[in-house]
Structures are given as structure tokens and as C-alpha cells.
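The structure appears right after this line, and notes come after that.
Treat the numbers as computed from the prediction; the structure is a model and nothing was measured. Labels below follow one simple rule: chain letters A, B, ... track the order of the sequence lines, proteins then strands, and each chain is numbered from 1. Values below: all heavy atoms of this structure, side chains included; hydrogens, waters and symmetry mates excluded.
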Amino acid sequence: MLTLTVNGVDHEVDAPPDMPLLWVLRDLIGLKGTKYGCGIAQCGACTVLLGGTAQRSCVLPVSAVVGQAITTIEGADSAPARAVRDAWQELAVPQCGYCQSGQILAATDLLTRNASPSDAEIADHMTGNICRCCTYARIKRAVRRAADNLA
Amino acid sequence: MANRLQNLSRRRFLAAGLAGGAGLTLGLTLPAVAKMGEAGPGLAGRDAAASALSPNAFVRIGSDDRVTVVAKHLEMGQGSHTGLATLLADELDARWSQVEVVAAPADVERYNNLLWGPSQGTGGSTAIANAFEQMRRAGAAARAMLVAAAAARWQVAADTLTVRDGVVSDPASGRRASFGELAEAAAALPVPDDVTLKKPGQFRLIGHDVPRKDIAAKTDGSALFTQDVERPGMLVAVVAHPPRFGAKLRGFDDSAARRVPGVHGAVQIPSGVAVLAAHTWAALKGRDALSVDWDDSAAMQTGSAELFADYAQRLERSGAVARNDGDADTALAGSDAVLSTDYRFPFLAHAAMEPMNCVIERHADGSVELWYGAQIQTIDHAVVAEVLGVEPGQVRINTLFAGGSFGRRANPASDYVREAAEILKATAGNAPIKLVWSREDDTRAGWYRPAYMHRIEAVLGDDGMPRAWRNRIVGQSIVAGTAFEGALVKDGVDVTSVEGAANLPYAIPNLRVELHTTDLAVPIQWWRAVGSTHTAFATETFVDRLARAAGADPVDYRRRLLKDHPRHLGVLDLAVAQSRWGQPLAEGRARGVAVHESFNSFVAMVAEVTVNADNRFSVDRVDVAVDCGIAVNPDIVRAQMEGGLGFGLCAVLGSAITIDNGAAVEANFDTYRVLRAAQMPDVRVHIVLSAAAPTGVGEPATPVIGPAVANALSSLTGKVYAQLPIRAA
């Protein structure tokens with residue numbers, strides 16, 4: 001048994017050590033907001049925050065994250081996370097919505113480390129997260145809006 | 001699978017009589033599915049007992065003042081739930097905040113697509129267009145009953161009462177009653193046969209940016225997708241599919257797979273070997289541990305290179321005639337100044353963010369229930385009933401949010417739904433099954449936008465305008481062998497192969513469009529905007545080439561050719577005016593224009609493109625003008641223009657499926673390259689004000705961006721861009 005700290009709560013899970021955190025979160029703990037998109041760290045749908053930093057949970061063995069603070073979309077309530085979510089709602093960013101947990105956590109990661117990113121920094125940072133609905137124009141505007149609201 | 005469906009169709013399908021153009025009114029040959037006894041929606045439904053008033057299939061009003069709108073169309077990101085609810089709520093004069101939306105059950109009697117005949121389904125950008133009156137009438141009927149109930153309660157004439165924001169008022173006495181207070185009394189009154197609908201000037205929600213109903217759930221992780229469904233005792237199924245198209249299973253050994261902790265076993269199904277496990281990771285590991293022997297004797301052995309060589313040869317010969325005005329053949333044969341371009345378009349995967357998946361369960365009474373992003377419920381419904389040998393009335397489909405589709409979930413053979421049903425059958429139905437495809441499964445399964453080639457040849461008259469134009473198209477037929485064939489193949493021409501080319505709007509006296517239909521083992525289907533994804537690129541880049549040959553401005557040239565097409569001209573003029581067309585740009589930067597009609601909507605774009613010193617290029621700004629009739633929700637129209645052109649830009653900048661030796665080369669996002677945030681241009685959407693009935697917005701932006709970008713590149717480099725993707729200027 002491993003003990004994982006997710007959104008401030010400890011969970012005992014019976015998982016093989018190489019099982020990716022993504023599937024532990026989704027299938028063993030039941031937190032479904034973190035999505036599977038590619039399994040090879042290409043799309044960012046599985047993004048979680050590990051000690052506040054964005055990580056791809058689909059390639060992260062669960063044994064590597066024991067003892068670390070894991071934050072998923074369900075538990076993201078830092079000031080940057082709230083600002084990002086508010087901006088996402090104000091600008092109606094989501095279409096199908098499937099990638100948006102990852103997008104929101106990627107944006108949260110950026111604003112946590114850089115409160116006033118340039119437009120180029122926003123585009124560069126968000127380019128790791130694929131949105132097949134191509135909501136990118138609104139994603140970039142919403143990150144800007146969230147940064148402005150935090151300032 | 002196509003054959004199975006065809007056999008099914010011969011046996012059990014009935015013909016519908018509607019006819020029309022591609023993507024518009026379809027007359028389908030579809031299954032005779034029994035009327036469902038269902039009264040309410042599926043998983044997302046509320047307790048029907050709380051709904052005091054339920055005058056029709058589309059609205060329920062509870063004593064708690066909640067208005068529940070039943071949406072018959074899949075919500076896959078395009079905003080259908082919000083749009084359908086807006087139509088109903090406007091005529092009802094409900095308060096937007098009291099409105100919630102649930103997905104309709106599969107029920108072809110009540111929830112068919114009015115443009116598709118007897119079929120429930122979402123596609124061809126028809127959701128708002130087909131339901132525009134239907135949803136408004138449903139709302140108006142409920143409103144009339146609430147008003148009648150208030151009139152009876154207050155002993156006043158109904159036509160003296162007013163309704164606003166979910167409250168019925170009597171201006172004379174100042175009395176007021178909420179919908180919730182009136183719902184029970186209204187339910188005892190007759191449902192009116194006829195209602196008067198608002199005139200466009202009276203709309204309070206239609207035409208306004210009302211907030212989408214699905215945004216909150218899509219920003220906090222609570223939105224339920226197929227991937228997220230759990231059922232008691234459910235097993236996750238992952239399937240080993242043959243790598244090559246047309247290969248068959250010879251045998252398999254699952255002894256190593258069974259040793260993976262969590263794996264329950266493996267079963268053979270027609271499409272491969274399904275590994276069943278307690279959770280997804282175990283199922284994936286179990287599949288990796290399978291030893292499978294594939295029989296490639298009937299498999300495809302060739303690939304894209306052989307295909308394009310064959311298609312190029314076919315371009316030399318006449319094909320089936322899709323349009324013939326005047327005599328283009330003679331005009332071309334008699335000219336020594338024929339302009340000609342051969343175009344090449346690869347296979348494209350839809351690559352929705354949520355790979356295909358489906359949850360299926362057999363209940364103790366023998367009935368079967370499914371949960372997934374169902375897009376053509378009626379075909380899926382018949383296929384599940386056939387596979388499992390149950391009556392259609394015993395199959396219940398719960399339509400969930402789809403994590404994208406772009407046409408993929410509207411599979412004409414119900415491929416992944418059939419696979420889920422086959423697994424349930426092979427396991428004797430002892431446990432609910434969640435079929436999960438990996439990204440690699442999704443990318444390599446086929447069901448692509450077909451590969452095509454075009455040849456366009458033209459001669460100009462002394463005035464520089466085109467005198468003759470011949471467009472030959474080569475590719476697979478999307479609808480052959482499907483329920484759509486009877487409606488969409490005319491005189492040997494699949495209209496989805498030539499749409500956008502055969503209805504070319506330009507005034508050209510001698511115009512001929514021909515089609516060669518090919519037959520390959522690669523399964524194919526519609527991909528957002530269907531035929532226009534290739535025809536718009538070929539025709540709109542070729543028109544630009546003619547304008548350059550004539551020494552004309554490409555906008556002026558189009559205007560002269562579009563005199564009888566006011567809606568094309570309207571969007572062209574609007575995009576051009578907003579784009580600063582003609583104003584100087586920095587070195588290495590240029591604008592390109594394109595205009596195209598699809599799904600009864602008209603879109604023009606001006607794209608600004610920069611070519612860098614190393615021949616790489618970026619798309620910096622796009623001005624989009626759209627005429628879609630009444631814009632029911634302008635912000636959703638803008639979102640669909642932004643996303644739709646982004647989707648089209650994927651095919652311009654990087655996406656392609658290459659077939660080699662019978663199998664797809666690309667398998668995941670490392671090789672199947674899609675648009676990313678840094679590549680997304682600044683998009684400005686300009687909507688033509690219109691009082692016409694609404695038309696589609698999900699697809700019409702997708703075909704237009706490619707030619708606009710290529711035309712900008714050509715004006716900078718002088719080159720012809722005749723193949724997608726364009727990876728360097």
C-alpha cells in the first residue's frame with residue numbers, strides 16, 4: 001500500500017509502483033477531472049500540480065510521488081487557480097471541455113511562478129497543452145485576464 | 001462493418017423520402033426502431049416527479065421553478081445544449097438562470113433530426129437549423145399553458161397578461177406568479193395545437209450572448225464524459241486491433257496477460273482481442289502482454305505512395321459527371337494556354353481529445369443500457385440490438401458530453417459502439433464493460449477523412465476572366481455502403497466528394513466537375529466540413545492563381561465572378577473591409593483571401609501570414625466574416641469560427657495520416673501533429689446581421705482558412721501550394 005496526498009487528503013492505494021499517477025487518480029481514487037489524452041506526455045490533458053508545479057501524470061510512476069503534495073483540478077483553489085477559473089468562465093473558454101482541467105492547471109502553474117507574463121510567455125507556456133477544439137485564442141486571452149485580475 | 005450494416009439495412013431498414021444537398025436535408029435509409037417508452041432523459045436527468053408541467057418532449061417545469069430543457073443533439077463542444085435551450089427559453093420567456101439542460105434519450109419518434117428524416121443524430125451543422133422552430137414552438141406551448149393557468153386563477157383574460165423572466169404578471173392588478181407556482185395548474189390544461197411565435201425583434205435571448213450552460217462543469221472537473229462513467233462491477237476493456245487494415249485474427253495467447261495483476265481475462269471479438277481488467281492501466285498492460293497472431297493474407301499491402309500514384313493516373317481520364325455547364329472539354333482542348341494544378345490531400349484523423357470509448361451494461365431483465373457521447377443514436381441503437389439479439393426497445397442510450405468528435409462519433413457503421421456490444425456478448429454479459437481506446441488505437445483505427453487528388457484546369461478569356469474550368473476529383477466515397485448512400489449518391493456521384501466544387505458559385509460559362517470513386521481497405525468517414533475540406537482549398541487557391549494570371553486583385557476578381565451571389569459577396573466585402581486589405585505590410589508579410597459556402601452558411605477569411613528568413617511561416621491574424629442567418633448566440637458563433645478555423649489550420653500546418661504497407665504510420669500526437677497555442681492566430685470574427693433562419697456554424701469555418709493562408713503565401717513567394725500540409729513556405 002502507498003499513501004498519496006491528493007488535494008490535502010491522504011489516500012491509501014494498492015497500486016503497482018510503475019502505475020502512472022493518472023490512472024491511480026482516476027481509477028483507484030476516483031478523481032475523474034484529470035483526463036487521459038495521449039499517455040506519452042504530449043497533450044497535457046493529464047496535467048496535475050506536484051508541489052505547485054505542473055506535471056504530466058500519465059508518465060509519472062505513482063511510486064515517485066509518495067509524500068508530495070498532489071493537486072488536481074478538483075482541489076485547485078489557490079489565488080492563481082481561482083483567478084484562472086474565473087477568467088475561463090468569463091471568456092467562455094471551454095468547448096468540449098475535455099482538455100480544460102489540464103489547461104487550467106497549466107495556466108495556474110504559469111501564474112504561480114510568473115505573475116505578469118508577456119503574451120509570448122503565455123503562448124509559449126500554454127503550447128504544451130493540446131486543445132482539439134482549438135480554443136487557444138480564448139485560452140491566451142483568459143490567462144492574460146487572470147494575470148491582470150491578480151495584479 | 002460496412003457490409004454488416006448494408007445487410008442490416010436490406011433486412012430491416014426503411015426508406016425515408018426527404019432529399020436535398022449534402023449536409024442539408026438528407027433522406028436516410030435507416031432502421032425501423034421501436035418507439036421508446038422513455039419519458040425522461042438519461043443519466044443527467046432529474047427526478048421526473050419534481051416536474052409538474054411536461055407539455056411536450058422538450059421541456060419540463062417543476063414546482064421548484066426549474067425549467068428543464070431536453071436537448072436532442074449531442075453536446076460535443078459546439079454549444080448545442082445552450083443553443084437549443086436558448087430557442088425554447090426565449091419563447092417561454094423564462095429566466096436564463098432557471099434553465100437547465102439534459103440530454104434526450106435515444107428515441108427516434110420524438111428526437112429525430114428534422115433534416116435527416118427518421119433518424120436521431122447530430123451532424124452536418126444542423127442542430128440549430130433543424131430545431132429552430134421546433135424548440136421555439138415547444139417553449140411557446142408551455143408559455144401559453146402557464147398564461148392560461150394564471151388567467152383562470154385570477155379570472156382575467158389570458159391576453160391581458162404578460163410574461164417575463166419566468167414570471168406571469170397581470171399589469172392591471174399587479175398580481176404575479178412564478179412558473180413554479182403555476183406549473184401544476186397548467187399541467188391540467190390542454191396543450192395548445194397552435195402557437196404564435198415571436199418576431200425576431202421580440203427575442204430576448206436569441207441573438208444575445210447568453211452564457212453557456214456547460215462552462216462551470218467544464219472548469220472544475222465535474223463534467224461527466226464517457227471516460228468518467230463507473231458502474232458497479234464494471235470491467236475496463238482494451239482491444240488489440242490488427243495493425244493492418246483488412247487483417248484478421250488467426251489466434252492469440254493470453255497466458256502472460258492473465259498474470260498481470262488486475263487482468264480478468266481476454267476474449268475474441270470480430271475486431272480483435274479484448275483484454276478485460278479491473279482498471280485501465282491493468283487492461284493496457286494486459287494488452288501489451290498478449291501474444292497475437294494476425295492473418296495478413298487479406299490485409300492491405302500498399303500505402304499512400306501507391307495510392308497517390310494510382311490517383312494521379314486516374315486524373316488523366318474522364319470521370320462521372322457531377323456538373324457540366326457549356327463545354328469545358330472543347331474549350332480546354334482548343335487552347336494552348338491552359339492553366340493546371342494537381343492537388344494532393346492526405347488522410348486525416350479526427351483525433352478528438354477523448355479517444356473513442358463506450359460503456360455498456362446488460363441488466364437482469366435482459367435490457368441493455370449504454371453511456372457515451374452518442375452522435376447518431378438511431379444507427380447505434382439498431383446495431384447494438386442486432387449484435388446482442390434484443391429488441392430495439394430493450395436498448396437504452398444515455399448520451400453524455402463528448403470530448404470532441406469532429407464527425408468521428410457519427411460513425412456510419414457504429415464501429416466502436418459495435419465493438420463494445422461485441423465485448424459484452426463475448427463475455428456473456430456478466431459485468432458492465434467500459435471500452436477504452438488508447439490514443440494509438442484512436443489514431444490508427446482508420447475512419448479518416450479520405451485522401452483525395454484534384455486536377456483543376458482553366459483557360460481565361462480575353463478579359464482575363466475564366467472561360468472554361470474543369471475539376472477532376474479522385475477519392476473514396478464516404479457514404480457508399482452506409483445508410484446515407486441512397487440519399488447522397490446521385491448518378492454515381494457521392495455528393496460529399498464533390499460538395500464545394502460542383503456548386504462552385506463563380507460565373508464561368510464552361511464548367512465541368514468529374515469524380516473518380518476509388519475503393520480501398522482504409523475505413524473512412526466525414527471529418528469536420530466533409531467535402532469542403534479539400535474542395536475549398538483546391539478551388540479557392542486556383543481562383544487566386546487565375547487572378548494573378550489575369551493581373552487582377554484577388555478580391556476584385558472574385559467580386560466580378562460573384563455578381564449573382566449576394567451572400568458570398570456580403571461576407572467577402574465584410575472580411576475585406578475589416579482586414580485592412582490593400583494597406584501596406586512589413587517585409588515578408590502578406591494577406592490572402594478565401595470565401596466559401598458550406599452547410600448553408602457563408603464564410604470569408606483574410607489571413608495575414610509572415611514568412612521568416614528560414615522559410616518557416618506563421619499565421620498572425622485572421623479576419624473572419626460569417627453569414628449564418630440569425631446568430632442565435634453570437635459568442636458561440638465566434639467560438640465556432642475561432643475553433644473551426646483552428647481545426648482547419650491543423651491540416652494546413654501539420655496533420656497527415658500516412659499509410660505504409662497497409663497500416664497507419666502516425667499513432668500519437670508526437671507524429672500526428674495538431675495545432676498548438678503558439679500557432680493560433682489572432683482571430684477577429686465579424687457576423688453579418690441577418691433575419692434569415694439560422695444555418696450551421698460548427699463546420700463552415702474549417703475549409704476556408706487553408707486557401708486563405710496558401711493564397712497569402714503564394715503572393716509572397718510566387719509558388720503554387722498544391723499539397724497539404726504545408727510545412728515550409
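Counting heavy-atom pairs closer than 4.5 Å to chain A, the top residue among Pro355(B), Ala677(B), Gly221(B), Ser222(B) is Ala677(B). If you tally non-hydrogen atom pairs under 4.5 Å between each of His350(B), Arg439(B), Glu440(B) and chain A, the highest count goes to Arg439(B). Taking chain A as the reference chain and counting heavy-atom pairs below 4.5 Å, the highest number among Ser405(B), Ser438(B), Gly77(B), Ala217(B) is found for Gly77(B). Heavy-atom pairs under 4.5 Å with chain B peak, among Gly97(A), Gly33(A), Gly30(A), at Gly97(A). In terms of heavy-atom pairs under 4.5 angstrom with chain A, the leader among Asp228(B), Asp635(B), Val683(B) is Asp228(B). When each of Glu354(B), His279(B), Glu642(B) is scored by its heavy-atom pairs under 4.5 Å with chain A, the top score falls to Glu354(B). Considering only heavy-atom pairs separated by less than 4.5 Å from chain A, the leading option among Glu75(B), Arg212(B), Lys218(B) is Lys218(B).
Side-chain contact between Thr127(A) and Gln679(B) is absent, with no heavy atoms from C-beta onward closer than 4.5 Å. Residues Gln640(B) and Gln95(A) meet the side-chain proximity criterion, which asks for heavy atoms closer than 4.5 Å. Between Pro94(A) and Thr219(B) the shortest side-chain heavy-atom distance falls below 4.5 Å. Between Asp18(A) and Lys285(B) there is a side-chain heavy-atom pair separated by less than 4.5 Å.
Listed here is the closest heavy atom pair of Cys134(A) and Cys650(B): SG-SG, 4.2 Å. Across Phe406(B) and Cys133(A), no two heavy atoms sit closer than the pair CZ-N, 3.9 Å. Considering all non-hydrogen atoms of both residues, Ile215(B) and Gln89(A) come closest at CG2-CA, 3.7 Å. The minimum heavy-atom distance linking Cys38(A) with Phe669(B) is given by the pair CB-CD1, 3.9 Å. Between Met353(B) and Cys99(A), the closest heavy-atom pair is CG-CB, 4.2 Å.
Side-chain N or O atoms of Arg676(B) include none that pairs as donor or acceptor with a backbone N or O of Tyr136(A) at under 3.5 Å. Side-chain atoms of Arg26(A) never come within 3.5 Å of backbone atoms of Thr280(B) as a donor-acceptor pair (strictly under, hydrogens ignored).
Looking at Ile104(A), the atoms closer than 4.5 Å to chain B (heavy atoms on both sides) all sit in the side chain, from C-beta outward. Of the two parts of Ala351(B), the backbone and the side chain both hold a non-hydrogen atom closer than 4.5 Å to a non-hydrogen atom of chain A. Only the backbone of Asn129(A) comes within contact range of chain B, with heavy atoms under 4.5 Å apart. With a threshold of 4.5 angstrom between heavy atoms, Glu230(B) approaches chain A through side-chain atoms but not through N, CA, C or O. Contacts of Ala137(A) with chain B are made by both backbone and side-chain atoms, with heavy-atom separations under 4.5 Å. Only the side chain of Leu28(A) comes within contact range of chain B, with heavy atoms under 4.5 Å apart. Neither the backbone nor the side chain of Phe401(B) has a heavy atom closer than 4.5 Å to any heavy atom of chain A. Heavy atoms closer than 4.5 Å to chain A are found in both the backbone and the side chain of Ala639(B). Contact annotation for Ala216(B): both backbone and side-chain heavy atoms come within less than 4.5 Å of a heavy atom of chain A. Looking at Leu284(B), the atoms closer than 4.5 Å to chain A (heavy atoms on both sides) all sit in the side chain, from C-beta outward. Contact annotation for Arg673(B): neither backbone nor side-chain heavy atoms come within less than 4.5 Å of a heavy atom of chain A. When heavy atoms are compared at a cutoff of 4.5 Å, Met76(B) approaches chain A solely by way of its backbone atoms N, CA, C and O.
Checked for salt-bridge contact, Lys140(A) and Asp682(B) miss the test: no charged N lies under 4.0 Å from a carboxylate O.
Counted within 6.0 Å of CZ on Arg616(B), heavy atoms from surrounding residues, nucleotides or ligands total 12 or fewer; the atom is thus considered open.
Rounded to the nearest 0.5 angstrom, Cys43(A) SG and Asn668(B) CG are separated by 8.0 Å.
Along residues 53-84 of chain A, the residues that come nearer than 4.5 angstrom to chain B, judged on non-hydrogen atoms, are Ile73(A), Glu74(A) in order of number.
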